[in-house]
Trainee: 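Could you have a look at this structure, given as structure tokens, before my questions?
Counting starts at 1 for both ligands and their atoms, following the listed order.
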Amino acid sequence: MLRDRFGRQATDLRVSLTDRCNLRCQYCMPAEGLAWLPADETLSDVEIIRLIRVAVTRLGVEDVRFTGGEPMIRPGLVDIVASTAALQPRPRIAITTNGLGLEKKAAALRDAGLDRVNVSLDTLRHDRFVEITRRDRLDDVLAGLRAAADAGLTPVKVNAVLLRDINDDEAPDLVAWAVEHGYELRFIEQMPLDAQHSWRRDTMITADEIFERLAARFVLTPSEEQRGSAPAEKFLVDGGPATVGVIASVTRPFCGDCDRVRLTADGQIRNCLFAREESDLRTAMRDGASDDELVRRWQAAVETKRAGHGIDDPSFLQPTRPMSAIGG
Ligand code: SAM
Ligand code: SF4
């Protein structure tokens with residue numbers, strides 16, 4: 001098991017398949033991109049599958065989510081999903097993607113064993129999509145969403161980040177659109193994880209502001225579904241059954257219930273998005289570590305997880321790795 005000093009058990013593994021991306025969302029990356037990880041420091045498909053096997057069969061991991069960077073651009077994605085689905089006990093498998101390439105791959109991913117997909121989409125307006133992501137690909141994302149729903153990767157979830165004076169007035173339109181299409185929308189508070197360090201506590205859109213904007217058009221009632229370790233607070237929209245979620249990582253942190261652990265594309269275990277330390281399983285593996293040794297190192301990495309991210313502490317320091325290189 002992966003248990004920390006505070007008794008939390010990590011059962012949800014986030015695997016970053018690459019730090020590269022075909023969009024440049026302004027809350028994530030600078031326009032020019034980043035210095036990508038060198039190929040020889042990136043885990044091979046075989047190495048990734050080995051670590052997922054250790055996590056699932058030895059360490060109690062029940063959920064595996066592929067992310068990045070943009071996981072769709074990893075050539076071996078379908079095979080990695082298939083190998084993960086073949087593990088016993090079979091974990092639930094999900095992917096977080098910007099939706100580009102999903103139109104072509106949704107059916108193959110479902111056939112390989114993918115259960116669920118989260119697609120990130122912050123606006124329904126072309127000009128805003130270009131402003132936020134610096135690429136003109138809105139139609140491709142919408143096509144990806146439709147393909148995911150057609151492939152039965154349901155409920156299709158949509159993640160949206162609101163940015164002040166850019167798309168914060170669009171929250172109700174996004175909800176209406178998601179309800180109409182049967183997508184489960186969740187707003188995520190912007191976090192201090194961008195490579196440019198441009199996040200500001202006093203300008204981010206808070207959960208309270210999101211509720212205020214939504215209340216102007218909808219009646220939201222708290223969903224009775226058990227939240228458990230899920231980060232989203234869920235609400236019924238106009239009595240349901242459609243729901244909307246708000247992930248208030250900054251203003252209403254849920255660290256006390258966190259069940260996540262992360263594996264970066266270069267083989268580092270991170271016990272938190274905001275961790276300042278990592279445990280290097282890539283070097284250990286390449287130096288011949290046995291599965292037992294990997295288990296021991298992984299457990300030690302999780303044990304030292306901090307109680308909370310401490311964004312509001314005066315001593316808070318943003319992690320050196322940006323979100324795209326950690327795996328969001
Ligand atoms: N490229 C994929 C995507 O965009 O879905 C997966 C990786 S991305 C880093 C994962 C999620 O993190 C996306 O939903 C994205 O909107 C979110 N994200 C990125 N930077 C963020 C930030 N600074 N604060 C909050 N969420 C962020
Ligand atoms: Fe790429 Fe996702 Fe970051 Fe946007 S949020 S730049 S899609 S990794």
Side-chain angles (χ1 to χ4, degrees), residues 14-34 36-37 65-74 77 94-102 105 116-123 128-138 140-141 144-145 148 153 156-164 166-168 174 183-201 203-207 210 231-232 245-254 260 262-265 270 272-274 309 311 318-319 321-328:
R14 311 263 148 157
V15 180
S16 173
L17 293 180
T18 177
D19 60 330
R20 296 173 193 235
C21 191
N22 38 17
L23 294 183
R24 295 283 182 276
C25 304
Q26 52 171 275
Y27 47 77
C28 184
M29 278 192 202
E32 65 277 15
L34 294 164
W36 311 123
L37 291 168
R65 174 173 296 275
F66 296 105
T67 179
E70 178 42 50
M72 288 293 179
I73 63 180
R74 178 140 187 150
L77 173 64
I95 191 165
T96 299
T97 170
N98 61 27
L100 300 182
L102 189 55
K105 289 200 187 121
R116 294 257 194 286
V117 60
N118 288 42
V119 176
S120 304
L121 178 61
D122 309 319
T123 177
R128 290 181 175 186
F129 188 91
V130 173
E131 182 180 3
I132 294 171
T133 70
R134 303 174 174 119
R135 300 285 186 275
D136 191 1
R137 305 293 301 272
L138 174 60
D140 300 313
V141 178
L145 274 162
L153 296 168
V156 174
K157 293 188 182 173
V158 174
N159 294 348
V161 176
L162 295 178
L163 302 173
R164 192 169 302 280
I166 296 180
N167 65 338
D168 56 327
L174 281 162
Y183 305 141
E184 213 177 292
L185 178 67
R186 301 116 48 84
F187 293 102
I188 308 179
E189 279 183 344
Q190 189 190 356
M191 294 179 276
L193 285 169
D194 57 313
Q196 320 83 288
H197 292 232
S198 62
W199 179 88
R200 295 259 315 271
R201 180 75 158 94
T203 56
M204 64 166 280
I205 300 287
T206 63
I210 298 171
V246 177
I247 303 182
S249 324
V250 177
T251 62
R252 303 176 188 195
F254 33 85
R260 297 177 181 187
R262 298 183 140 82
L263 173 64
T264 65
R270 295 179 64 90
C272 174
L273 266 178
F274 296 94
H309 56 46
I311 292 175
Q318 185 171 332
R321 266 188 205 259
M323 178 77 125
S324 55
I326 296 171

Trainee: Under 4.0 Å from any heavy atom of Gly69, which atoms of ligand 2 are there?
Mentor: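 So the answer, numbered in order with elements, is 8 (S).
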Trainee: When you look for heavy atoms under 4.0 Å from ligand 1, do you find them on the side chain of Thr97, its backbone, both, or neither?
Mentor: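 Thr97 to ligand 1: backbone contact only, side chain stays beyond 4.0 Å.
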Trainee: Report, in ascending order of atom number, the atoms of ligand 1 lying under 4.0 Å from any heavy atom of Val161.
Mentor: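 So the answer, numbered in order with elements, is 16 (O), 26 (N).
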Trainee: For Asn159, take its heavy atoms, then give the atoms of ligand 1 lying under 4.0 Å from any of them.
Mentor: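 Ligand 1 atoms under the 4.0 Å threshold to Asn159: 14 (O).
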Trainee: For Glu70 and Asn22, does a side-chain donor sit closer than 3.5 Å to a side-chain acceptor?
Mentor: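 Side-chain D/A pair, Glu70 to Asn22: absent.
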Trainee: Taking 2.8 Å as the upper limit, name the protein N, O or S atoms near atom 4 (Fe) of ligand 2.
Mentor: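 The answer is Cys25 SG.
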Trainee: Could you verify whether a donor N or O on one side chain and an acceptor N or O on the other, from Arg65 and Thr96, lie under 3.5 Å apart?
Mentor: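 Short answer, yes.
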Trainee: Could you see which bit of Thr96 sits under 4.0 Å from ligand 1, with heavy atoms only: side chain, backbone, both or neither?
Mentor: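 Both parts.
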Trainee: Which atoms from ligand 1 have a heavy atom of Thr67 less than 4.0 Å away?
Mentor: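 Atoms satisfying the 4.0 Å criterion: 6 (C), 7 (C).
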Trainee: Counting each atom of ligand 1 from 1 as listed, which ones have a heavy atom of Gln190 under 4.0 Å away?
Mentor: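 Those qualifying, in numeric order: 24 (N), 25 (C).
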Trainee: Using a strict cut-off of 4.0 Å, indicate which atoms of ligand 1 neighbour a heavy atom of Gly68.
Mentor: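 Near Gly68, the atoms of ligand 1 are 7 (C), 9 (C).
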Trainee: Could you say whether the N/O atoms of Glu70 and ligand 1 ever approach to under 3.5 Å?
Mentor: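 Yes; the residue has a nitrogen or oxygen that sits under 3.5 Å from a nitrogen or oxygen of the ligand.
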Trainee: For ligand 1, which is the ligand I care about here, please tell me if Asp122 has any N or O atom under 3.5 Å from one of the ligand's N or O atoms.
Mentor: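 No; the residue has no nitrogen or oxygen that sits under 3.5 Å from a nitrogen or oxygen of the ligand.
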Trainee: Verify, without hydrogens or angle tests, whether Gln26 (side chain) and Glu131 (backbone) share a donor-acceptor contact under 3.5 angstrom.
Mentor: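 Flag set: sc Gln26 to bb Glu131 pair under 3.5 Å.
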Trainee: Mind checking whether Asn118 has an N or O less than 3.5 Å away from an N or O of ligand 1?
Mentor: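 The answer is no, given that Asn118 and ligand 1 share no N or O pair closer than 3.5 Å.
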Trainee: Donor-acceptor pair, Glu189 side chain versus Ala207 backbone, under 3.5 Å?
Mentor: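 Judged by distance alone, yes, a pair lies under 3.5 Å.
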Trainee: Regarding ligand 1, does Met191 bring an N or O atom to under 3.5 Å of one of the ligand's N or O atoms?
Mentor: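 Such a contact does occur with ligand 1.
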Trainee: Any N or O on Gly69 sitting closer than 3.5 Å to an N or O of ligand 1?
Mentor: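 Yes.
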